[in-house]
There are 2 protein chains.
Amino acid sequence: MYTSNSPNAILCACTTVKKLARVLGRAYDDALAGTGINITQFAVMRCIVRRTGEPLSRVAEELEMDRTSLYRAIAPMIRDGWIEVMPGTDARSRAAKLTRKGSGLLAKAAVRWDSIQGGLIGCFGKDAWKVLAGELSRLADCAEAEKAK
Amino acid sequence: MYTSNSPNAILCACTTVKKLARVLGRAYDDALAGTGINITQFAVMRCIVRRTGEPLSRVAEELEMDRTSLYRAIAPMIRDGWIEVMPGTDARSRAAKLTRKGSGLLAKAAVRWDSIQGGLIGCFGKDAWKVLAGELSRLADCAEAEKAK
DNA sequence: ACCATAATGATGTGTATACATCAAATTCGC
DNA sequence: GCGAATTTGATGTATACACATCATTATGGT
């Protein structure tokens, strides 16, 4: 049952994707180095922008993060004044928005993001990336279908 | 520069892959639930099996983990008696091997792994998975090429 | 109107991941 | 043979991520 070193052997789908996530994580963090923000924070902040006013649990859902992990993840962003949290749509929930400082930081980081994303997708192929993104989404659907069994 | 909710908007490659990693991570951990081991530990142990006798830094390399992260990651596995660490090929390095307990655990977990991996790849398509794995590898190569610039 | 169920966030706990720094050992070029 | 560079692991520090549990609030069925 053990996979061999051969690339044609059975590759664990999860481990394969996690490995790639680490490689990409380091590459993108490298690109963002010096800005003060990392790629996960970048993604969280962009999602908060898209969903300003919505409960934080919606942000967690979109990012496929456990909601309690998101609440912890935003703590340093609140501490550093990048985002602020306000009451949500009811007494239970909270929503977040970027502060002026956070918006400035995001804009600055976006320049670096544009650069690495453009270089990466340029190398990989724009159409190939579109196809790959679709296949990744399909794999996620299969994982969720398996989970529901 | 902000992505819209449209699936055709510019998707961050890193964020997209990390999201999928979380979805797959939860699905595989769910499948392994009750065995006492999670999918990252499963992957580490399988790599240790493949590389028994080699320095731990080789294991970290293959898994694309920072070597210091791997040293920390194996600490609970040593504590729980799944692996043991012995001197490596020189005075600097250490190697690891599975204990009898660890081998038993890995075998037990492998049954669950077979099940979810089989179901997932069955749904996704065996040939499609092969193609996807190749494209993921190509994306990693592009990321490393970008990093080297 | 009431109660069970669900949603939301806080907290506990534990593992995952990475960069930075340092010390010891090995390798390699001269 | 020597010294610079590299390799390897330990440690510090900080963020990432998930499941479990609990309390509060909202929703929905009767």
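Lettering of chains follows the sequences in order, A, B, ..., and the numbering in each one begins at 1.
- Partners of B:R72 under the side-chain hydrogen bond (donor to acceptor under 3.5 Å, both in side chains) rule, at least two apart in sequence or in another chain, do not exist in this structure.
- Less than 4.0 Å separates DNA chain D from no heavy atom of any residue of residues 24-32 of chain A.
- In this structure B:A60 satisfies the side-chain contact (heavy atoms from CB on, under 4.5 Å) test together with B:R67, B:L70, sequence neighbours excluded.
- In terms of the salt bridge (charged side-chain N to carboxylate O under 4.0 Å, His left out) criterion, B:E84 has no residue partners (sequence neighbours excluded).
- Qualifying side-chain contact (heavy atoms from CB on, under 4.5 Å) partners for A:S115, counting only residues two or more places apart in sequence or in other chains: none.
- Taking 4.0 Å as the cutoff to heavy atoms of chain A, we find the contact window on DNA chain C bounded by C:dA7 to C:dC19.
- B:T52 is linked by a side-chain contact (heavy atoms from CB on, under 4.5 Å) to B:K97, counting only residues two or more places apart in sequence or in another chain.
- A:R112 meets the salt bridge (charged side-chain N to carboxylate O under 4.0 Å, His left out) test with no other residue; sequence neighbours excluded.
- Listed by chain and number, the residues in a salt bridge (charged side-chain N to carboxylate O under 4.0 Å, His left out) with B:D80 amount to none (sequence neighbours excluded).
- Axis angle across the helix from C:dA1-D:dT30 to C:dC30-D:dG1, with five pairs used at each end and values rounded to 10°: 40°.
- Within the structure, salt bridge (Lys or Arg N to Asp or Glu O under 4.0 Å) pairs that include any residue of residues 23-41 of chain B comprise A:E64-B:R26, A:K147-B:D30 (at least two apart or interchain).
- For the segment residues 73-95 of chain A, the set of residues with a heavy atom within less than 4.0 Å of an atom of DNA chain C comprises A:R92, A:S93, A:R94, in numerical order.
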